[in-house]
There are 2 protein chains.
Amino acid sequence: MLKAERHNYIKTKLAEQHRVSTIELALDLGISEDSIRRDLNKLHEKGALEKVYGGAIPITEKNKSVFDIVITNEDKKKKIGYKALSLLHDGQVIIMSGGTTNLVFSKLIPTMLKATIYTYSLPIAMQLSQYPNIDLIFIGGKMQKNAMVTIGIDVLQVLSKIKADICFMGVSSIDIKQGLTEEGYEVSVVKKAMIESSDKVIAMFTSDKLNTKKAHVVCDLSKLDTIVTDLDPEEIKLEEFKKSGVSII
Amino acid sequence: MLKAERHNYIKTKLAEQHRVSTIELALDLGISEDSIRRDLNKLHEKGALEKVYGGAIPITEKNKSVFDIVITNEDKKKKIGYKALSLLHDGQVIIMSGGTTNLVFSKLIPTMLKATIYTYSLPIAMQLSQYPNIDLIFIGGKMQKNAMVTIGIDVLQVLSKIKADICFMGVSSIDIKQGLTEEGYEVSVVKKAMIESSDKVIAMFTSDKLNTKKAHVVCDLSKLDTIVTDLDPEEIKLEEFKKSGVSII
DNA sequence: TCGAATAACGCAAAATAACGCATAATATTA
DNA sequence: TAATATTATGCGTTATTTTGCGTTATTCGA
């Protein structure tokens with residue numbers, strides 16, 4: 001195993017678990033604690049983490065820029081993004097929800113795409129602002145802090161006046177019976193509004209969201225036109241969804 | 001096997017597995033490690049991969065993310081920011097314009113400040129979204145690409161309905177006769193609206209903006225309450241401004 | 001303050017890379 | 001086609017990097 005691989009492993013584990021221990025890492029990777037310590041020191045120097053007695057923790061918020069957005073499962077999300085590209089066409093009016101899956105997707109959009117895109121996510125708006133031929137409209141309102149999206153009545157009002165061709169929706173939880181659900185009430189309301197304003201609804205999510213539920217219902221599966229996941233469309237896990245009439249790519 | 005073929009093989013394998021090892025490649029391709037190393041060096045020079053001890057990994061895509069905002073004269077802007085902190089109080093309703101000076105200022109705001117802040121700048125909103133006690137409202141509208149701010153009628157409409165205590169305004173150009181001016185018409189209109197909606201107007205700019213003009217007028221000096229620069233308030237360059245009745249810190 | 005856990009240090013062995021060079025393979029030219 | 005220039009390859013050697021271990025220093029919690 002290359003050193004660079006180890007470094008990636010450590011960074012990923014740290015992002016997921018918010019802490020790593022020297023001993024665990026040595027065991028995980030099958031090398032001596034000394035080497036792990038050397039790795040941690042290197043990563044510390046590079047500012048990728050903060051070393052503490054017994055292991056390491058994520059960098060303290062002081063130096064951590066809000067602009068460094070951690071994307072988990074980036075590979076899977078890229079897979080989803082590439083598949084979703086086939087749904088894009090010049091001239092579309094698009095609504096994009098927040099979430100890192102959509103953020104990754106945004107980075108993959110062809111440079112010259114001509115489209116009008118509405119979004120209420122700060123990171124996605126920043127990303128999309130680099131495309132010369134995209135008319136970008138940010139839907140303002142009260143900011144939901146952690147997710148960096150706007151919510152509330154202002155958002156609903158704007159959405160109610162839009163008629164979009166397609167909406168790309170990041171999904172927190174999806175279940176064959178409950179349909180789409182969200183942790184936060186306000187976000188669930190916004191997503192409902194998105195769906196009402198769009199001719200087509202695309203749900204994008206990594207396979208770990210499958211068959212999970214949260215408190216607030218967004219819609220049932222019948223509202224969805226297409227599901228995009230990192231899995232093969234023929235995968236058994238998706239069988240049930242296919243039966244419900246949603247197209248799966 | 002041609003060298004070009006080998007290079008392709010390496011690139012493909014790297015794309016698939018996110019790592020290649022020198023030894024493995026030598027085995028795969030049935031040639032000496034030396035040649036593999038030479039290949040890797042070539043590919044490294046061409047920027048196709050990153051060479052590491054024991055093999056190679058994909059190039060780190062740190063290439064100019066939209067989230068890497070370049071801040072010129074950061075030191076001066078910090079100076080300005082620290083001075084401006086004295087104008088902040090709990091409970092204020094604040095409007096913040098865009099610009100890197102305000103972005104730097106945003107980073108310096110005390111963690112626990114209680115306030116309501118309106119902004120129409122994406123980077124500033126992202127920065128402010130980390131403060132737990134700030135009610136943050138993003139003013140939506142059409143995005144001005146390069147500056148990452150919203151502009152247009154929607155912004156004006158929202159601004160017209162706000163009554164803020166104070167507005168922190170980044171300044172493109174300031175001149176004793178012309179007052180504040182902007183390069184873009186639309187931004188100048190938005191700034192006019194900001195001023196109308198605020199009890200107090202704070203102009204913040206680095207000294208290189210002094211005595212410069214742009215095409216579109218925002219307001220004359222009489223509209224300003226306070227000027228914050230990196231200079232000493234007693235500096236001769238600021239003499240004229242002081243005479244016009246603006247307070248300078 | 002002590003004892004256990006963890007980290008840092010120095011070092012030698014192992015792994016990997018770079019260098020120089022002779023030779024083989026390939027391309028170029030007459 | 002033969003002669004020649006150019007490039008690529010493998011090998012022996014020498015540098016560099018990485019690693020694990022023994023030892024010593026530091027940190028942590030009781």
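Reminder, nothing fancy here: chain letters follow the sequence lines and each chain counts from 1.
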From the options [options], select the nucleotide whose nearest atom is closest to the side chain of [X].
X     : options                : value
A:R37 : D:dG10, C:dT6, C:dA17  : C:dT6
A:R6  : C:dA18, D:dT19, D:dG20 : D:dT19
A:D34 : D:dC11, D:dC21, C:dT16 : D:dC21

Nearest whole Å is fine: how far is [N] [atom2] from [X] [atom1]?
X     : N      : atom1 : atom2 : result
A:E33 : D:dT26 : CD    : P     : 20 Å
B:K3  : D:dG10 : NZ    : P     : 13 Å
B:H7  : D:dT9  : NE2   : C1'   : 13 Å
B:L40 : D:dT9  : CG    : P     : 13 Å

Practice item. For A:T150 and A:K142, test the side chains for any donor-to-acceptor distance below 3.5 angstrom and give the result as yes or no. Key: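 Checked: A:T150/A:K142 side chains show no N/O donor-acceptor pair below 3.5 Å.
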
**Study point:** Side-chain donor-acceptor contact under 3.5 Å, A:T181 with A:D175
**Key:**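 Absent: no donor and acceptor within the cut-off.
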
Practice item. Would you please confirm or rule out a distance under 4.0 Å between OP1 or OP2 of C:dA17 and any side-chain N or O of B:N41? Key: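 Answer is no, no contact under 4.0 Å.
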
Point to revise | Residue-phosphate contact under 4.0 Å: A:S35 side-chain N/O, D:dG20 OP1/OP2 | key: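 Result: yes.
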
**Study point:** Side-chain donor/acceptor contact of B:Y53 with base of C:dA17 under 3.5 Å
**Key:**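 Per atom types, no contact qualifies.
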
**Study point:** Contact check, side chains of A:M204 and A:V171, non-hydrogen atoms, under 4.5 Å
**Key:**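 No, their side chains stay 4.5 Å or more apart.
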
**Study point:** Pair B:K78 + B:D230: basic N to acidic O under 4.0 Å
**Key:**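 Here B:K78 does not pair with B:D230 in a salt bridge, since their nearest N and O are not under 4.0 Å apart.
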
